[in-house]
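Comments concern the structure below.
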There are 2 protein chains.
Amino acid sequence: MEATKHFRKRDAILNCLRSTDVHPSAEWIHEQLKAEHSDISLATVYRNLARFKERGDIVSLGTVNGVERFDGNTNPHVHFICTSCSGVLDLHGVAVPQELNERVSGTGQVNSCQLTFTGKCNQCIKQEETA
Amino acid sequence: MEATKHFRKRDAILNCLRSTDVHPSAEWIHEQLKAEHSDISLATVYRNLARFKERGDIVSLGTVNGVERFDGNTNPHVHFICTSCSGVLDLHGVAVPQELNERVSGTGQVNSCQLTFTGKCNQCIKQEETA
DNA sequence: TCCTAAATGCGAATGATTATCATTTACACC
DNA sequence: GGTGTAAATGATAATCATTCGCATTTAGGA
């Protein structure tokens with residue numbers, strides 16, 4: 001049996017986000033889903049992303065070039081943002097030392113932390129050389 | 001002697017940003033400067049912030065609640081963002097281990113890195129208790 | 001079948017940021 | 001002092017991502 005029609009779109013949004021590593025924007029997700037759900041509204045994507053975020057099912061990486069980017073992987077990990085192509089990459093094998101969390105606890109109650117490196121990714125560097 | 005009239009506003013914007021620790025938005029700066037420069041335009045604040053950012057004189061912390069926040073302190077340091085009052089605090093004595101930078105160099109050419117903790121600040125916690 | 005609440009599509013509204021353009025200012029040169 | 005030119009500014013319109021309002025659709029139970 002297939003999922004109920006009512007939640008097909010909601011699930012599709014979450015699945016889309018979880019099955020990509022591009023750390024997409026709402027609009028990117030909307031574009032992807034049009035293939036399967038030709039009538040899906042951009043508002044629905046925004047609405048559900050907000051809902052997922054509230055519930056902690058997904059995570060916001062903040063905005064890149066004025067557009068919010070999301071991550072379906074809620075395991076804490078580090079990101080690399082390329083200022084040239086606006087791509088976001090996961091940095092495996094790099095982690096925020098746990099002891100930092102404790103050091104911060106004097107300032108308030110920490111819910112999450114985010115470490116982001118910014119620069120030019122290898123792919124953009126290579127493209128620049130050949131150009 | 002005073003600075004030339006031409007650059008008084010530009011300097012005022014940078015000075016304003018450098019002499020506060022609230023990590024302000026463009027609009028906050030605009031409000032502050034109205035006292036000394038009653039005719040300053042919000043566009044001028046935005047324009048100069050963009051210029052400063054390009055030149056590396058200031059740093060953007062990304063957006064909090066949809067508004068970009070800036071920091072006149074370009075020394076790398078860690079931030080705490082309160083989800084309750086949208087305040088941004090400096091975390092002194094906490095730093096990103098240098099070895100991480102090197103670990104990331106395989107992915108691209110790193111220009112900067114940003115570590116941000118999110119949660120509820122002590123002040124908001126206290127206010128909640130007494131309320 | 002009937003009812004209610006949630007989910008959606010559509011389009012308008014919002015609001016931060018940016019672009020446009022006429023005006024003002026600084027500064028070098030005469 | 002004028003004159004010319006380029007940068008800076010103010011005012012306001014435009015842009016664009018995001019949110020809101022509302023009518024419609026759907027699910028699921030009585």
Side-chain angles (χ1 to χ4, degrees), chain A residues 1-17 22-55 57-71 81 83 86 88, chain B residues 1-17 22-55 57-71 81 83 86 88:
Chain A
M1 289 270 56
E2 57 188 7
T4 66
K5 213 173 180 183
H6 206 164
F7 293 117
R8 248 190 231 153
K9 287 172 186 172
R10 171 170 297 168
D11 291 341
I13 293 167
L14 189 54
N15 287 338
C16 175
L17 188 48
V22 302
H23 308 81
S25 65
E27 197 154 6
W28 187 94
I29 295 173
H30 184 232
E31 285 302 319
Q32 300 301 116
L33 294 180
K34 271 188 195 162
E36 287 283 322
H37 307 265
S38 57
D39 63 339
I40 193 170
S41 165
L42 183 54
T44 297
V45 177
Y46 274 109
R47 262 189 302 244
N48 281 299
L49 287 174
R51 179 196 170 99
F52 293 144
K53 195 163 65 168
E54 255 180 14
R55 302 193 157 208
D57 295 328
I58 70 173
V59 126
S60 168
L61 304 183
T63 65
V64 179
N65 280 29
V67 291
E68 189 167 13
R69 303 284 285 266
F70 300 91
D71 195 339
I81 299 182
T83 50
S86 299
V88 179
Chain B
M1 290 272 58
E2 58 189 8
T4 67
K5 213 172 178 183
H6 205 161
F7 293 117
R8 247 189 233 150
K9 287 171 184 171
R10 172 171 295 170
D11 291 342
I13 293 167
L14 189 54
N15 286 339
C16 175
L17 188 48
V22 303
H23 308 80
S25 65
E27 197 155 4
W28 188 93
I29 295 173
H30 184 233
E31 284 301 319
Q32 300 302 115
L33 294 180
K34 271 191 197 160
E36 288 281 323
H37 306 266
S38 58
D39 62 339
I40 194 170
S41 165
L42 182 55
T44 297
V45 177
Y46 274 109
R47 262 189 302 244
N48 281 298
L49 287 174
R51 179 197 169 97
F52 293 145
K53 194 164 64 168
E54 254 181 13
R55 302 193 157 210
D57 296 328
I58 69 173
V59 126
S60 168
L61 304 183
T63 64
V64 179
N65 279 31
V67 290
E68 190 168 13
R69 302 284 285 267
F70 300 91
D71 195 338
I81 298 181
T83 49
S86 297
V88 179

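Letters A, B, ... are given to chains in the order of the sequence lines, protein chains preceding strands, and every chain is numbered from 1. Keep in mind that what you see is a predicted model, and the values were worked out from it rather than measured.
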Task: Along DNA chain C (nearest heavy atom to each residue), the more 5'-positioned of B:Thr63 and A:Asn48 - done: A:Asn48
Open item on the list: Counting only heavy atoms not in A:Glu31 (residues, nucleotides, ligands), do more than 12 fall under 6.0 Å from its CD?
Closed with: yes
Any side-chain N or O of [X] under 4.0 Å from OP1/OP2 of [N]?
{"X": "A:Tyr46", "N": "D:dT19", "result": "no"}
{"X": "B:Asn65", "N": "C:dG15", "result": "no"}
{"X": "B:Arg8", "N": "C:dT25", "result": "no"}

Choosing from [options], which nucleotide comes nearest the side chain of [X]?
{"X": "B:Ala43", "options": "C:dA16, D:dT9, D:dA11", "result": "D:dA11"}
{"X": "B:Lys9", "options": "C:dT18, D:dA17, D:dT9", "result": "D:dT9"}
{"X": "B:Arg10", "options": "C:dT8, D:dA8, C:dA7", "result": "D:dA8"}

Open item on the list: So, applying side chain to side chain donor-acceptor pair (under 3.5 Å) with B:Lys9, which one of B:Asn48, B:Asp39, B:Thr44 is it?
Closed with: B:Asp39
Open item on the list: What's the separation between atom OG in A:Ser86 and atom CZ in A:Arg69, rounded to the nearest 0.5 Å?
Closed with: 6.5 Å
Task: Point-to-point distance, once rounded to the nearest 0.5 Å, from CG of A:Leu42 to OH of A:Tyr46 - done: 5.0 Å
TODO: Provide, to the nearest angstrom, the distance between the CG atom belonging to B:Leu49 and the C1' atom belonging to D:dT9.
DONE: 15 Å
- [ ] Could you state the atom-to-atom distance from CZ of B:Arg47 to C1' of C:dT24 in whole Å?
- [x] 12 Å
TODO: Return the residues of residues 25-42 of chain B meeting this criterion: a heavy atom under 4.0 Å from some atom of DNA chain D. Order them by number, or give none.
DONE: B:Asp39, B:Ile40, B:Ser41
Open item on the list: Tell me every residue that passes salt bridge (Lys or Arg N to Asp or Glu O under 4.0 Å) with B:Glu27, counting only those two or more places apart in sequence or in another chain.
Closed with: none
Open item on the list: Show me the pairs that pass salt bridge (charged side-chain N to carboxylate O under 4.0 Å, His left out) and involve residues 43-53 of chain B, at least two apart or across chains.
Closed with: B:Lys53-B:Glu68
